[in-house]
Amino acid sequence: MSRVLLQPTFILHHRAYRDSSLLLDTFSAQHGRIDLVARGVRKQGRHGSRAALLQPFVPLLVSFSGRSELKTLVAAEPAAEAMNLTGERLYSGLYLNELLVRLLHRHDPHPRLFAAYAEALQGLECVPGVDLVLRRFELRLLEELGYSFDFGCDSYHGIPVSAGEYYRYEAEYGLVQSDRDGPGQRYPGAALLQLAAGDFEGDARRVAKYLFREALAVQLGPEPLRSRELFARRYRSEPTRGGTSVKDSSTQADTRGDASSI
C-alpha cells in the first residue's frame with residue numbers, strides 16, 4: 001500500500017508500545033479497521049506529548065503508510081473537536097468501539113458504517129435518549145455484517161408478523177413465531193411491527209434492546225464485553241440519591257431490572 005493521505009479516522013483503542021510509541025486500533029472511512037504504530041509520540045516535547053491527540057472520540061484526518069499489516073502513522077490532525085462524553089455516555093462510546101473491534105475484519109471498508117458511527121458519537125454527546133442512539137447503531141452494524149432484520153416477517157414460515165403473536169430470534173432465520181411461554185426470550189409481535197415502522201418508542205424500545213443484544217451475542221461469542229462489565233461495576237457501586245438508587249430512578253429500566261443502555 002502506498003501512502004494514504006488525510007483519511008477520516010477514529011481511534012477505537014490504543015496501548016503503549018516500547019518506550020515512546022503507541023499501537024492504535026483505528027476505524028477509517030475508506031480502509032476500515034487499520035492497525036497503526038505511532039512512533040515516538042509519547043515523548044515529551046516543547047509543546048507536550050503528541051499522544052494527547054491520539055485518543056478515542058476525536059475526529060481525525062490521518063496519513064499512514066506501509067506494506068505490512070501494521071502500518072506506520074505519518075501524520076494526524078483534528079478534523080473537528082473531540083466528543084465530550086462523560087458518565088453513561090462515555091461507557092456507551094466505549095461499547096460502540098468494542099463492538100467494532102470485536103466484529104469488524106481488518107482492511108474491510110464500511111463507509112456507511114463509518115458515517116453511522118460518527119453520527120452515533122454526535123448523538124451520544126447531545127441527544128437525550130442514549131439508548132435510542134445505540135439501538136440505531138446496532139441495527140446498522142447488524143445490517144453491515146449481513147444480519148439485517150425484517151421485523152414484519154416470520155422468516156422461517158414466510159408470513160407476516162401478527163400483532164397478537166410472539167416471536168423468538170433464530171440466528172439462521174431471524175424472527176420465528178413461538179409460544180409466549182416457550183423457552184428463551186420472546187418478543188411480542190405488536191412491538192416488532194412498531195420497529196418495522198421505524199418506531200422505537202414504548203415496548204419497541206425494550207424489545208429492540210434485547211433483540212439486538214441477542215443477535216450481536218451470536219457474533220461476539222462467549223467472551224463478555226468489557227465495556228458492559230465496566231459499566232455494570234460502576235452502576236452497582238453508584239451511591240443512592242435521595243434514598244432512591246440509580247436503577248430505581250431510571251425511566252428506561254425494563255422488566256428484567258436492567259437499566260443499562262448497553
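Within 6.0 Å of atom CG in D19, 12 or fewer heavy atoms from other residues, nucleotides or ligands are found, so the atom counts as exposed in its surroundings. Environment of CD in E229: crowded, with over 12 heavy atoms of neighbouring residues, nucleotides or ligands closer than 6.0 Å. Remark: H105 NE2 is loosely packed, at most 12 non-hydrogen atoms of other residues, nucleotides or ligands lying under 6.0 Å away.
Taking the six-membered ring where the residue is Trp, the centroids of F231 and Y95 are separated by 6.0 Å or more.
In this structure, the side chains of R3 and V74 come closer than 4.5 Å at one or more pairs of heavy atoms. For the pair D150/V161, no side-chain contact is recorded, criterion being any heavy-atom separation below 4.5 Å from C-beta on. Between F200 and L195 there is a side-chain heavy-atom pair separated by less than 4.5 Å. L103 has its side chain within reach of L145: a pair of non-hydrogen atoms, C-beta onward, lies under 4.5 Å apart. Within the 4.5 Å cutoff, the side chain of L36 has no heavy atoms near those of the T72 side chain. Side-chain contact between L22 and R42: present, with at least one pair of heavy atoms (C-beta onward) separated by less than 4.5 Å. With contacts defined as side-chain heavy-atom distances shorter than 4.5 Å, the pair E125/R89 does not qualify. Using a 4.5 Å cut-off on side-chain heavy atoms (C-beta onward), V101 and F27 make no contact.
Of all non-hydrogen atoms in Y210 and Y187, the two that sit nearest each other are O-OH, 3.2 Å. Contact between S227 and I262 at its shortest, heavy atoms only, is O-CD1, 3.8 Å. Of all heavy-atom pairs spanning P111 and P109, the tightest one is CD-C, 3.6 Å. Closest of all the heavy-atom pairs between G87 and R234 is CA-NH1, 3.3 Å. In terms of heavy atoms, R168 sits closest to Q177 at NH1-O, 3.3 Å. Scanning both residues, P59 and A82, for their nearest heavy atoms gives CD-CA, 4.2 Å.
Of the inter-residue distances, the one linking E170 atom CD with S178 atom OG reads 8.5 Å to the nearest 0.5 angstrom. Considering SG of C153 and CG of L192, their distance stands at 11.5 Å, rounded to 0.5 Å. Note that CG of L132 and CZ of F137 are 15.5 Å apart. Values are rounded to the nearest 0.5 Å. We find the CG-CG distance between L96 and L12 to be 10.0 Å, quoted to the nearest 0.5 Å. Residue E77 holds its CD atom at 9.0 Å from CG of L53, rounded to the nearest 0.5 Å. The distance from atom NZ of K71 to atom OG1 of T26, rounded to the nearest 0.5 Å, is 11.0 Å.
Classification of the F212-F151 ring pair by plane angle, with boundaries at 30° and 60°, yields tilted.
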Please step through side chain to side chain contact (heavy atoms under 4.5 Å, CB included) for the pair R102 and L225, ending with a clear verdict.
-> CA-CA 9 Å; R102 293 271 297 271; L225 286 166; 3.8 Å; yes
For side-chain hydrogen bond (donor to acceptor under 3.5 Å, both in side chains), just list the numbers for S261 and E88, CA-CA rounded to whole Å, side-chain angles, deciding distance to a tenth of an Å, and then say yes or no.
-> CA-CA 8 Å; S261 294; E88 181 183 7; 2.7 Å; yes
Report the C-alpha distance between L60 and F10 in whole Å, list the side-chain angles of each, state the deciding distance to 0.1 Å, and finish with yes or no for side chain to side chain contact (heavy atoms under 4.5 Å, CB included).
-> CA-CA 6 Å; L60 297 171; F10 284 96; over 6 Å; no
Derivation of the side chain to side chain contact (heavy atoms under 4.5 Å, CB included) call for L124 and L134 = CA-CA 8 Å; L124 289 179; L134 298 182; 4.1 Å; yes
Give the C-alpha distance, both sets of side-chain angles, the deciding distance and a yes or no for side chain to side chain contact (heavy atoms under 4.5 Å, CB included) between L61 and Q7.
-> CA-CA 5 Å; L61 294 175; Q7 177 69 196; over 6 Å; no
Name the atoms and distances for all side-chain donor-acceptor pairs under 3.5 Å in residues 113-123, with sequence neighbours left out.
from : atom 1 : to  : atom 2 : distance (Å)
Y117 : OH     : N97 : OD1    : 2.4

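In this structure, V127 is a member of the same hydrophobic cluster as L139, with clusters built from ILVMFWY side-chain heavy atoms closer than 4.5 Å. Under the 4.5 Å side-chain contact rule for hydrophobic residues, L23 and V4 do not share a cluster. The cluster map of Ile, Leu, Val, Met, Phe, Trp and Tyr, joined by side-chain heavy atoms under 4.5 Å apart, puts V37 and F64 in different clusters. The hydrophobic clustering, which links ILVMFWY residues whose side-chain heavy atoms are closer than 4.5 Å, places V218 and V207 together. Taken together through direct or relayed side-chain contacts under 4.5 Å among Ile, Leu, Val, Met, Phe, Trp and Tyr, L94 and L216 form part of one hydrophobic cluster.
No donor-acceptor pair closer than 3.5 Å links the side chain of S20 to the backbone N or O of K43. At distances below 3.5 Å, not a single donor-acceptor pair connects side-chain atoms of E143 with backbone N or O atoms of S148.
Defined by atom type and a distance below 3.5 Å, a donor-acceptor pair is present between the side-chain atoms of H107 and E69.
Just one of H13, R33, R15, H14 meets the side-chain hydrogen bond (donor to acceptor under 3.5 Å, both in side chains) condition when paired with D25; it is R33. The residue from E138, Q185, R228 that alone fulfils the side-chain contact (heavy atoms from CB on, under 4.5 Å) condition with R213 is R228. The only member of Q30, E144, H31 that meets side-chain hydrogen bond (donor to acceptor under 3.5 Å, both in side chains) when paired with H110 is E144.
Evaluation of the side-chain contact (heavy atoms from CB on, under 4.5 Å) rule for S162 yields E165, Y167 as partners, not counting sequence neighbours.
Under 4.0 Å is where a charged nitrogen must lie from a carboxylate oxygen, and between D131 and K209 no such pair does.
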